[in-house]
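What follows is a single structure, written as C-alpha cells, with notes after it.
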Amino acid sequence: MKYEGLDLLNNHFLNKGTAFTKEERKENHIEGLLPPFVQTLDQQVEQAYENYSNKDTFLAKRMYLMDLFNENVTLFYKLFSQHVNEFMPVVYDPTIADTIENYSHFFLDPQNAAFLSIDDQDDIEATLKNAAAGRDIKLIVVTDGEGILGIGDWGVQGVDISVGKLMVYTAAAGVDPKSVLPVVLDVGTNRKELLADDLYMGNHHERVTGDKYYNFVDKFVETAENLFPDMYLHFEDFGRSNAANILNKYKDNILTFNDDIQGTGIITLAGILGALNISKEKLTDQVYLSFGAGTAGAGITKRIFDAMVEEGLSEDEARKHFYLVDKQGLLFDDTEDLTPEQKPFTRKRSEFANADELTNLEAVVKAVHPTILVGTSTQPGTFNEAVIKEMAAHTERPIIFPLSNPTKLAEAKAEDLLKWTDGKALIATGIPVEPVEYNGVTYNIGQANNALVYPGLGLGSMAVNAKILSDGMINKAAHSLGGIVDPTQPGAAVLPPVSQLDKFSMTVANGVAQQAIDEKLTTATDAKKAVADLKWEPKY
Ligand SMILES: NC(=O)c1ccc[n+]([C@@H]2O[C@H](COP(=O)([O-])OP(=O)(O)OC[C@H]3O[C@@H](n4cnc5c(N)ncnc54)[C@H](O)[C@@H]3O)[C@@H](O)[C@H]2O)c1
Ligand SMILES: O=C(O)C[C@H](O)C(=O)O
Ligand SMILES: [Mn+2]
C-alpha cells in the first residue's frame, strides 16, 4: 500500500516531516502541507533536542518524546541514539513508573499497542492482526500489569512497560521498530483505587486467576505464534505467582524470555563478576544473601547458583552458599507459603542456635555473614546503617546491590553505602545514579538493570531465529559484559556505563547468536553477519 497526502504525514514509521524533499512533497501530494524549508535529519534532531531541553521535569520531557515518537519514529530514535544516557531514565525507568500510575488520566495515544481482554477472547487474532497492520512482527513484549517494577498491580495501565521496554530494544540494539508489538493482557486489577475510578481504562473487575487465566495466556501465545512464527516473545512484570509458571511452560518449546527472572539474573551475575574482578576474589568463595526472594530474587539466585556449579562446585556444595530472606525472615524448609523457586534454597533450622530469631535482615546478616547482598524486596531503606556495618565488619569488599525499582523503592542509596563502608562497598543499583565523590575518589556506580542485556540478548536470538533461548545463550550474555571497565581505576564501576549501551549490546548480540549456532539451535552459520543484517538504523 502506498501512503500519500495526509496518510503519509500521519504514518509515524514513514513520516519525515520537514525532511521531505521538494520532489518527495510533489510526488506524494504533500506540497504546501509543511513549512517550505527542507531540513536534514540532523537539523530536526537539533530542533527537537532544544525543545526537549526546555521542558522542566522528567515527566514533561517524557511526554514530549512520546509525542515525537507518535509523529516520526526515525527522528525519535535518531535523537534517542545520540542521548542514550540522558534519555534512559526519561523514556524508561524511573519516569515510566509515573506514567503507568497515571496512564488513564494522562492518556493521549495507544502507541500501537495491542490490548487483549480476557472478556473478549474471540478478538485475540483480530486485535493482533489489526495492531500488526501487515508488518512482519519479530518481537513482542507482553505484560499483564500485575507486578510492574516494584509498584505492583496497575492493570491495563501496565501497557506502558511493554511500550518502554521496546523503545529500549531499538535505542540500545537497533531492533527495527516496524517489527515490534507491545501487548497488554487485561485480566482485571486488584487495585481498588483503579476499580473505583470512572476514568480507569481497563476492565473494571478483579483479576481473573486459575485455569481461566492460564487458558487466556495460552490462547494469546498460540495465536501470536501462528501469526508471527519467527517471533521472540518477551514476558515482563507478571505477578510472582504466575511469572515462573509461564516461563517454565513455554521456554523449552518456543523462543521466549522472562526479563525479570532471566534478564535480571544475567545482569546481576555480570555485576558480581565485575565486582570480583575488582576485589580479585572467587565466585565460589562468596556467601550470597537475597533480600526479597520473589520473581527477580529467585531468578537471580538460580543464575548465580548455576554459575557456581559451572565453576566446579557440586550442586549440594553450591547450595550451601545461598540464603534467602523474604517477608517471613530467613527461609527455612518448614517456612509456610514457600514458592517453588524458593524451596531449593531454603535452610534447616538445625543449622542455627537462634533460628527462631532470624526474622529480620539484620539478624540474618549477623548470623550468616554474607559477602554479597542483593535487594529485590521493594522495601525502601532496608539496607540501613546497622545492616551494612554488620556486613562490612566481616568482609573486606562487600558486594551490595539494592536493585528495587523505581527510585523511591531502592533498598539504599549508593552514597550511604559508600559512607557506611568507608568506600569499600562494590555497588550496583537498579536505577541510574550519578557518580559519588567520597574521600577524594569518584565512584562510578554501575546500573544492574536488565535493560543493559535484554536488547542484545533479543537481537542476537532474533538475528539467527534461534529455536529457543537456551541456558548457554543466557550464560554467554552474562559473560559478555566483562573487559569494558578498567578494574584497576579507583572507584571503577562493576558494570559498563549505560553511555556505551549500543556498543556492548552488539557484543552481547554477537555472543548470543554465536552460542545459538554452536548449540545447533539455528540454521544460520554466520553470527556477526546475521546480527548486522537485522540491525536497523534511524535514517531516511
Ligand atoms: N534492576 C533490575 O533489573 C530489576 C529487575 C527485576 C525486578 N527489579 C526490582 O525488584 C523488585 C522486586 O520485583 P519482583 O518482580 O521480584 O517482585 P515480586 O513481587 O515477585 O518479589 C518481591 C519479593 O519481595 C518480598 N518482600 C516484600 N516485603 C518484604 C520484606 N519486608 N522483607 C523481605 N522481603 C519482602 C515479597 O514477598 C516478594 O517475594 C522490584 O522493585 C523490581 O523493580 C529490578
Ligand atoms: O524495568 C526495570 O527497570 C527493570 C525491571 O524489569 C523491573 O521490573 O524493575
Ligand atoms: Mn520488570
Side-chain angles (χ1 to χ4, degrees), residues 114 116 118 121 124-125 127-128 132 137-147 158 161-162 165-166 169 175 179-187 207-266 294-296 298-300 302-303 306 339-341 450 453-455 457-477 512 515-516 519-522:
L116 301 177
I118 196 157
Q121 298 196 31
I124 294 178
E125 184 171 348
T127 301
L128 292 176
I137 300 300
K138 289 205 155 52
L139 169 62
I140 283 181
V141 175
V142 60
T143 187
D144 73 352
E146 187 178 6
I161 201 68
S162 300
K165 290 267 170 183
L166 283 168
Y169 267 108
V175 172
S179 72
V180 311
L181 186 62
V183 174
V184 62
L185 304 179
D186 186 354
V187 302
R207 278 187 180 272
V208 174
T209 57
D211 285 351
K212 188 167 176 198
Y213 170 84
Y214 284 110
N215 289 339
F216 177 51
V217 175
D218 246 350
K219 206 163 168 183
F220 155 66
V221 173
E222 232 172 74
T223 312
E225 279 293 319
N226 280 336
L227 290 174
F228 318 119
D230 296 342
M231 164 196 60
Y232 179 85
L233 181 55
H234 168 146
F235 285 88
E236 188 69 45
D237 290 352
F238 282 66
R240 191 180 86 161
S241 53
N242 298 319
N245 287 347
I246 292 173
L247 176 64
N248 293 337
K249 186 162 184 183
Y250 301 109
K251 74 178 169 50
D252 296 329
N253 304 313
I254 60 171
L255 183 58
T256 190
F257 164 71
N258 182 296
D259 191 30
D260 301 289
I261 298 172
Q262 298 170 306
T264 318
I266 295 170
T295 306
I300 300 166
K302 178 72 169 54
R303 177 64 33 219
D306 286 348
T339 67
E341 292 68 40
N450 45 38
V453 293
Y454 75 70
L457 183 72
L459 181 69
S461 306
M462 285 184 268
V464 296
N465 193 14
K467 282 199 194 94
I468 57 163
L469 179 64
S470 68
D471 279 346
M473 291 157 75
I474 287 174
N475 200 22
K476 189 75 195 181
V512 166
Q515 183 68 27
E519 290 183 36
K520 304 201 173 18
L521 293 169
T522 168

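Just the heavy atoms: all of them, side chains too, but no hydrogens, waters or symmetry mates, feed the values below. The first residue of the sequence shown is numbered 1, and numbering continues consecutively from there.
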Under 3.5 Å donor-acceptor, [X] side chain and [Y] backbone:
X: N475; Y: D471; answer: no
X: T522; Y: V464; answer: yes
X: T223; Y: E125; answer: no
X: D260; Y: D237; answer: yes

If I compare all heavy atoms of [X] with all of [Y], which pair ends up nearest, and what's the gap?
X: F257; Y: G263; result: CE1-N, 3.5 Å
X: A298; Y: E341; result: CB-CB, 3.7 Å
X: A466; Y: M473; result: CB-CE, 3.8 Å
X: I468; Y: I254; result: CG2-O, 3.8 Å
X: A477; Y: V512; result: CB-CG2, 4.0 Å
X: I140; Y: A224; result: CD1-CB, 4.2 Å

### Query
Between L457 and Y232, is a side chain to side chain contact (heavy atoms under 4.5 Å, CB included) present by the stated rule, with each step listed?
CA-CA 10 Å; L457 183 72; Y232 179 85; 3.8 Å; yes
### Partner residues of Y169 under the ring-ring contact (aromatic ring centres under 6.0 Å, His included) criterion, sequence neighbours left out
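Listed in chain order: H234, Y454.
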Is there a side-chain contact between [X] and [Y] (heavy atoms, below 4.5 Å)?
X: D144; Y: F220; result: no
X: Q121; Y: N215; result: no
X: R303; Y: I474; result: yes
X: V183; Y: S162; result: no
X: V217; Y: V187; result: no
X: F235; Y: I246; result: yes
X: L181; Y: M231; result: no
X: I137; Y: L227; result: no

### Query
Of all residues at least two apart in sequence or in a different chain, which pass the salt bridge (Lys or Arg N to Asp or Glu O under 4.0 Å) check with K165?
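Partners of K165 by the salt bridge (Lys or Arg N to Asp or Glu O under 4.0 Å) criterion, ordered by chain and then number, come out as E236, D259.
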### Contacts of K467 that satisfy salt bridge (Lys or Arg N to Asp or Glu O under 4.0 Å) - sequence neighbours left out
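In terms of salt bridge (Lys or Arg N to Asp or Glu O under 4.0 Å), with neighbours along the sequence ignored, K467 is linked to no residue.
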### Task
Take atom CG of N226 as the centre, draw a 6.0 Å sphere, and report whether it contains more than 12 heavy atoms from other residues, nucleotides or ligands.
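Enclosed.
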### Task
With side chain to side chain contact (heavy atoms under 4.5 Å, CB included) as the test, would you mind laying out the steps for L185 and I118 before giving the verdict?
CA-CA 7 Å; L185 304 179; I118 196 157; over 6 Å; no
### Query
Checking side chain to side chain contact (heavy atoms under 4.5 Å, CB included) for the pair N450/I266: CA distance, chi angles, key distance, verdict?
CA-CA 8 Å; N450 45 38; I266 295 170; over 6 Å; no
### Task
Step by step, work out the side chain to side chain contact (heavy atoms under 4.5 Å, CB included) result for L255 and L469.
CA-CA 6 Å; L255 183 58; L469 179 64; 4.2 Å; yes
#### Entry: side-chain hydrogen bond (donor to acceptor under 3.5 Å, both in side chains), paired with Y250, selected from N258, T256, D218
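The residue from N258, T256, D218 that satisfies side-chain hydrogen bond (donor to acceptor under 3.5 Å, both in side chains) with Y250 turns out to be D218.
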### Task
Report the distance from atom OG1 of T339 to atom CZ of R240, rounding to the nearest 0.5 Å.
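Here the rounded value is 5.5 Å.
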### Between CG on residue D230 and OG on residue S179, distance to nearest 0.5 Å
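Nearest 0.5 Å value for the CG-OG distance: 11.0 Å.
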